[in-house]
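Side-chain atoms are counted along with the backbone in the values below, which use heavy atoms only and exclude waters and symmetry mates. We count residues from 1, following the sequence as given.
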Amino acid sequence: MTEKFIMAGTTALHVCDSEEGEHCVVLLHGYLESLLVWEEFVPQLYKQVRVVTLDLPGHGISEVKGEIHTMEFLADTVADGLRALGIARCTAVGHSMGGYVALALLERHPELLEGIVLLSSTPHADTPEKAENRRREIALVRAGKKDMLARVAPEAGFAPENRARLKDAIADLAEQVFLTEEAGIVALLNGMIARKDRNEILRGSPVPQLFILGRQDGYIPVEAAEKLAEAHPQAQTVWLEHSGHMGFLEEPEAVARELLRFATTR
């Protein structure tokens with residue numbers, strides 16, 4: 001993997017690129033993560049496809065651009081980054097918040113997509129309750145208390161049965177929170193609050209779609225996940241029986257197998 005900074009439009013973007021492969025998979029990380037979250041997972045993919053990971057602006061060491069990073073701004077930045085890397089088409093894999101970015105990419109730049117994968121993510125807008133929770137997180141961060149997020153958020157993403165086995169991964173995620181700029185956290189929380197529902201865009205798109213969902217996901221309860229799958233018969237759905245919200249860390253071989261199948265069959 002070649003690590004570098006590129007200019008994606010007017011935004012400095014931190015990327016890693018394996019640079020070789022007939023098909024390309026772009027991995028978009030979630031909230032309070034960075035491209036580092038994919039480090040253990042990428043080796044499962046790059047011998048068969050080109051793999052690109054990046055720090056979404058506001059997280060990792062990519063640039064922070066203002067008080068709100070809308071999903072549209074993030075999608076446009078990703079699109080500019082892909083073009084700067086000479087990538088004409090890719091499969092966009094969005095984990096959690098990264099899925100919201102992938103959906104905005106689907107709406108705004110469908111010509112770039114061979115496929116879209118929502119990995120523990122949904123096309124729904126925030127409920128009023130979820131938006132209020134995010135506003136509380138913004139208040140915590142602005143009060144200098146992001147350490148509270150680092151203590152709770154990483155572990156909550158894993159199925160209870162996996163937490164002891166993956167304690168090092170949980171510790172790594174907590175460290176990523178500490179290294180994330182407060183302004184970037186606030187910008188992305190504001191962007192998630194502002195995002196729109198994209199169910200109809202997903203239904204109306206000819207781009208192939210895959211949902212990968214964890215049966216033990218504390219953020220997307222299984223009843224809600226089942227309703228999502230039922231509401232989108234045009235999408236393929238894969239269930240991870242032993243995963244929470246972090247399936248690519250909890251069941252990496254299964255996730256890699258499904259991603260490679262999906263990304264290389266066209």
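- Atom CG of Leu210 is separated from atom CG of Leu119 by 9.0 Å, given to the nearest 0.5 angstrom.
- Residues Asp76 and Phe73 form no side-chain contact, since every pair of their non-hydrogen atoms from C-beta on lies 4.5 Å or further apart.
- Leu35 shares a hydrophobic cluster with Leu36; the chain of contacts runs through ILVMFWY side chains whose heavy atoms sit under 4.5 Å apart.
- Side-chain contact between Tyr100 and Leu28 is absent, with no heavy-atom pair separated by less than 4.5 Å.
- Cluster membership for Leu166 and Leu240, using ILVMFWY side-chain heavy atoms within less than 4.5 angstrom, is shared.
- Looking at Leu74 and Leu188, their side chains come closer than 4.5 Å, going by heavy atoms from C-beta outward.
- When all heavy atoms of Leu56 and His29 are compared, the closest pair comes out as N-NE2, 2.9 Å.
- Dense packing is recorded around CD of Glu241, with more than 12 heavy atoms of other residues, nucleotides or ligands lying under 6.0 Å away.
- Between the Thr91 side chain and the Val25 main chain, no donor and acceptor come within less than 3.5 Å of each other.
- A donor-acceptor pair under 3.5 Å is absent between the side-chain atoms of Ser34 and the main chain of Gly60, judged by distance alone.
- Once rounded to the nearest 0.5 Å, the distance linking CD of Glu20 with CG of Asp17 reads 10.0 Å.
- Between Val64 and Gly58 the shortest heavy-atom distance is CG2-CA, 3.9 Å.
- No side-chain donor-acceptor contact under 3.5 Å links Arg215 to the backbone of Trp239.
- Counting all heavy atoms, side chain and backbone alike, Ala187 lies closest to Gly66 at CB-O, 3.6 Å.
- Note that the NE2 atom of His124 and the CG atom of Asn199 stand 5.5 Å from one another [nearest 0.5 Å].
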message: Between His14 and His59, is the side chain to side chain contact (heavy atoms under 4.5 Å, CB included) condition met? List the steps.
response: CA-CA 10 Å; His14 179 221; His59 280 13; over 6 Å; no
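- Between Arg50 and Glu114 there is no salt bridge, since no side-chain nitrogen of the basic residue lies less than 4.0 Å from a carboxylate oxygen of the acidic one.
- Closest heavy-atom contact between Tyr219 and Ala156: OH-CB, 3.4 Å.
- Within a 6.0 Å radius of CE in Met7, other residues, nucleotides and ligands contribute more than 12 heavy atoms.
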- request: Start with the C-alpha distance between Leu118 and Leu103, add both sets of side-chain angles, then the distance that settles side chain to side chain contact (heavy atoms under 4.5 Å, CB included), and finish with yes or no.
  value: CA-CA 8 Å; Leu118 296 186; Leu103 287 160; 4.0 Å; yes
Test log, rule salt bridge (charged side-chain N to carboxylate O under 4.0 Å, His left out), inputs Glu72 and Arg108: CA-CA 8 Å; Glu72 292 81 4; Arg108 295 166 76 84; 5.4 Å; no
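- Under the 3.5 Å distance criterion, the side-chain polar atoms of Thr265 are matched with a main-chain donor or acceptor of Arg261.
- To the nearest 0.5 angstrom, Cys90 atom SG is 5.5 Å from Leu113 atom CG.
- Looking only at side-chain heavy atoms (C-beta outward), Phe41 and Val255 come within less than 4.5 Å of each other.
- Within the 4.5 Å cutoff, no side-chain heavy atoms of Phe248 are placed close to those of Glu40.
- A 6.0 Å sphere centred on CD of Glu39 holds no more than 12 heavy atoms belonging to other residues, nucleotides or ligands.
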- request: Step by step, work out the side chain to side chain contact (heavy atoms under 4.5 Å, CB included) result for His245 and Ile220.
  value: CA-CA 8 Å; His245 200 61; Ile220 308 173; 4.2 Å; yes
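- Cluster membership check: Leu106 shares its hydrophobic cluster with Val101, using side-chain heavy-atom separations under 4.5 Å among Ile, Leu, Val, Met, Phe, Trp and Tyr.
- Under a hydrophobic clustering in which Ile, Leu, Val, Met, Phe, Trp and Tyr are joined whenever their side-chain heavy atoms come within less than 4.5 Å, directly or via other members, Ile212 and Met97 fall into different clusters.
- Ionic pairing of Glu137 and Arg134 is not present here: no N-O contact between side-chain nitrogen and carboxylate oxygen is shorter than 4.0 angstrom.
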task: Would you sort out whether Glu33 and Gln176 count as a side-chain hydrogen bond (donor to acceptor under 3.5 Å, both in side chains), showing the intermediate values?
output: CA-CA 6 Å; Glu33 299 170 4; Gln176 287 182 50; over 6 Å; no
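- Panel note: side chain Asp172, backbone Val37; no donor-acceptor pair is recorded below 3.5 Å.
- Looking at heavy atoms from C-beta onward, Met1 lies in side-chain contact with Thr53 at the 4.5 angstrom threshold.
- Atom CG in Leu249 sits 8.0 Å away from atom CH2 in Trp38 (nearest 0.5 Å).
- A salt bridge is defined here as a Lys NZ or Arg NE, NH1 or NH2 lying under 4.0 Å from an Asp or Glu carboxylate O, and Glu181 with Lys146 fails to meet this definition.
- Taking the side chain as every heavy atom from C-beta outward, Leu32 and Ile185 approach each other to under 4.5 Å.
- Hydrophobic cluster membership is shared by Leu260 and Tyr46, with clusters built from Ile, Leu, Val, Met, Phe, Trp and Tyr side chains linked at under 4.5 angstrom.
- Taking all atoms of both residues into account, the shortest heavy-atom contact from Gly94 to Ser121 is O-CB, 4.1 Å.
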query: Glu22 and Arg89: salt bridge (charged side-chain N to carboxylate O under 4.0 Å, His left out), yes or no, with the steps?
result: CA-CA 10 Å; Glu22 178 187 353; Arg89 304 261 289 164; over 6 Å; no
- prompt: Are Glu250 and His242 close enough, and set up right, to give a side chain to side chain contact (heavy atoms under 4.5 Å, CB included), and what steps lead you there?
  reply: CA-CA 7 Å; Glu250 296 172 274; His242 301 284; over 6 Å; no
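- With hydrogens and angles left out, the side-chain atoms of Gln209 and His232 include no donor and acceptor closer than 3.5 Å.
- At distances below 3.5 Å, at least one donor-acceptor pair connects side-chain atoms of Glu251 with backbone N or O atoms of Ser243.
- Salt bridge status for Lys227 with Glu230: absent, with no side-chain N to carboxylate O gap under 4.0 Å.
- Linking ILVMFWY residues whenever their side-chain heavy atoms come closer than 4.5 Å, directly or via other members, leaves Val15 and Val51 in distinct clusters.
- From Asp80, atom CG reaches atom OG1 of Thr10 across 8.0 Å, with rounding to the nearest 0.5 Å.
- Taking 4.5 Å as the limit, every side-chain heavy atom of Pro57 sits out of range of all side-chain heavy atoms of Glu63.
- Closest non-hydrogen pair, Ala92 versus Ala102, comes out as CB-CB, 4.3 Å.
- One finds no salt bridge joining Glu107 and Arg195 here, because no Lys/Arg side-chain nitrogen approaches an Asp/Glu carboxylate oxygen to under 4.0 Å.
- A salt bridge links Lys4 with Glu19: the closest approach of a Lys/Arg side-chain nitrogen to an acidic carboxylate oxygen falls below 4.0 angstrom.
- Formation of a donor-acceptor pair under 3.5 Å by the Thr237 side chain with backbone atoms of Ala229 is not found in this model.
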